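Input: a single structure, listed below in structure tokens.
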Protein chains: 2
Amino acid sequence: MKLSTRGRYGVKAMFELALQYGQEPLSIKSISERQNISEYYLEQLFSSLRKAGLVTSIRGAQGGYVLSKPPSEITVYDILDVLEGPIEISECIEDDENCSRIEYCATRLLWIKIRDSVNQVTKSITLEDMVNDYKSMNLITNIKRGE
Amino acid sequence: MKLSTRGRYGVKAMFELALQYGQEPLSIKSISERQNISEYYLEQLFSSLRKAGLVTSIRGAQGGYVLSKPPSEITVYDILDVLEGPIEISECIEDDENCSRIEYCATRLLWIKIRDSVNQVTKSITLEDMVNDYKSMNLITNIKRGE
DNA sequence: TTTAAATCCGAGTAATTTAATATGATTTTC
DNA sequence: GAAAATCATATTAAATTACTCGGATTTAAA
């Protein structure tokens with residue numbers, strides 16, 4: 001079980017925007033250079049994020065993207081939901097046709113438990129949390145360096 | 001984020017063996033018929049499960065597979081680990097090369113949290129739990145039917 | 001002792017999804 | 001007007017997943 005690059009690249013890119021929040025917009029080009037990700041590919045991801053209302057684009061020269069909301073109001077769940085679609089551990093959860101089988105209920109319950117667990121974690125973490133974690137880690141690193 | 005058929009079929013098949021635990025072995029053919037899964041494909045999955053020590057094969061006519069351990073000692077984690085490999089939400093967790101970037105620590109921590117959450121759930125659920133859930137659900141259904 | 005039912009093993013292929021690329025249009029700042 | 005950016009859509013490449021196939025071996029039962 002693994003996230004696709006859509007989700008991974010997307011979260012990283014959104015994290016960059018969170019670090020930049022309140023300042024000038026970030027262009028796709030600069031994000032793709034920092035992270036060594038294909039520019040064209042990132043463009044597709046931002047198209048989805050924009051349509052979902054998570055980022056706002058500023059067109060033209062010196063343009064780019066900014067978060068549509070403060071980092072504290074955007075969760076990892078929001079981002080992954082847009083880029084990876086809802087987490088469906090098994091299609092069995094909603095597909096009734098194949099599910100009139102003997103094992104239906106038992107495995108269905110399992111898939112739901114796994115899904116809920118992931119959703120709970122991703123809904124509980126905001127971009128602000130990630131920025132705070134990042135800053136406090138940097139602080140520790142700097143203190144160590146000073147010793 | 002979704003489990004592949006390896007994990008889904010595998011858990012369902014292991015659940016069948018758990019229901020059957022203590023009785024005669026179950027053949028791949030009978031499992032594949034009950035669940036409408038390709039016989040050849042299931043065979044591959046059982047090859048992995050056997051090599052991992054989760055099931056024991058009985059060759060020859062009237063043969064099949066049985067669980068190597070009681071259902072209470074086999075977790076969903078054990079099964080998924082064999083069939084899907086360890087859960088790595090992002091390769092970033094162990095791959096150092098790409099991770100000397102600015103966002104390294106922040107997203108890495110996130111992937112670890114998601115992974116741990118899934119592992120915690122799957123390690124906490126045994127085949128016995130699933131059988132018990134299944135039986136109690138059946139009981140409720142039967143009571144309702146009687147009313 | 002033969003037959004049938006089963007596992008075992010490895011190779012090969014089809015289908016699907018993911019990832020990336022490309023092109024051209026539009027917008028906006030300088 | 002030139003340059004820098006988003007926007008939109010189509011196409012291709014790569015990788016993974018799902019499945020199929022053929023034949024060898026083992027063993028219970030007729």
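The figures that follow rest on heavy atoms only: side chains count, while hydrogens, waters and symmetry mates do not. Each chain gets a letter, A, B and so on, in the order the sequences are listed, and its residues count up from 1. Treat the numbers as computed from the prediction; the structure is a model and nothing was measured.
Considering only residues two or more places apart in sequence or on other chains, A:D133 meets the side-chain contact (heavy atoms from CB on, under 4.5 Å) condition with A:M137, B:L109, B:K113. For A:N119, there are no side chain to side chain donor-acceptor pair (under 3.5 Å) partners, not counting sequence neighbours. Annotation: side-chain contact (heavy atoms from CB on, under 4.5 Å) contacts of B:S38 (sequence neighbours excluded): B:Y40, B:Y41. Under the salt bridge (Lys or Arg N to Asp or Glu O under 4.0 Å) criterion, A:K69 pairs with no residue at all, not counting sequence neighbours. By the salt bridge (Lys or Arg N to Asp or Glu O under 4.0 Å) test, A:K123 pairs with no residue at all, sequence neighbours left out.
When side chains are defined from C-beta on, B:L80 counts as touching B:L3, because their heavy atoms get closer than 4.5 Å.
For B:R6 and C:dT16, the CZ to P distance is 19 Å, given to the nearest whole Å. Atom CD1 in B:I37 sits roughly 12 Å away from atom P in D:dT20 (whole-Å rounding). Between B:Y9 atom OH and D:dA18 atom P the separation is 7 Å, expressed in whole Å. A:L49 has its CG atom 14 Å from the P atom of D:dA8, to the nearest Å. A:L83 places its CG atom 12 Å from the P atom of C:dT18, with the value rounded to the nearest Å. If you measure from atom NZ of A:K51 to atom P of D:dT6, you get 15 Å, rounded to the nearest angstrom. Across the protein-nucleic acid pair, A:Y40 atom OH and C:dG24 atom P stand 11 Å apart, rounded to whole Å.
Using a 4.0 Å cut-off, no side-chain N or O of A:R8 falls inside it from OP1 or OP2 of C:dT18. Look at B:T5 and you'll find a side-chain N or O under 4.0 angstrom from OP1 or OP2 of D:dA18. Dashed line: the shortest gap from a side-chain N or O of B:S4 to OP1 or OP2 of D:dT16 is not under 4.0 Å. Between B:S38 and D:dT20 there is a side-chain N or O to OP1 or OP2 distance below 4.0 Å.
The hydrophobic cluster containing B:V66, built from Ile/Leu/Val/Met/Phe/Trp/Tyr side-chain heavy atoms closer than 4.5 Å, also comprises B:I58.
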List the atom pairs, with distances to 0.1 Å, where a side-chain N or O of residues 47-57 of chain A and a protein N or O form a donor-acceptor pair under 3.5 Å, not counting sequence neighbours.
| from | atom 1 | to | atom 2 | distance (Å) |
| --- | --- | --- | --- | --- |
| A:S47 | OG | A:K51 | NZ | 3.4 |
| A:S48 | OG | A:R6 | NH2 | 3.4 |
| A:T56 | OG1 | A:S68 | OG | 2.9 |

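Contacts between residues 41-48 of chain B and DNA chain D, defined by a heavy-atom separation under 4.0 Å, are made by B:Y41, B:Q44.
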Please enumerate all protein N or O atoms sitting under 3.5 Å from an N or O of nucleotides 1-6 of chain C, with distances to 0.1 Å.
| from | atom 1 | to | atom 2 | distance (Å) |
| --- | --- | --- | --- | --- |
| C:dA5 | N3 | B:A61 | N | 3.4 |

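Rounding to the nearest 0.5 angstrom, the gap separating the CE atom in B:M14 from the CG atom in B:L83 is 8.5 Å.
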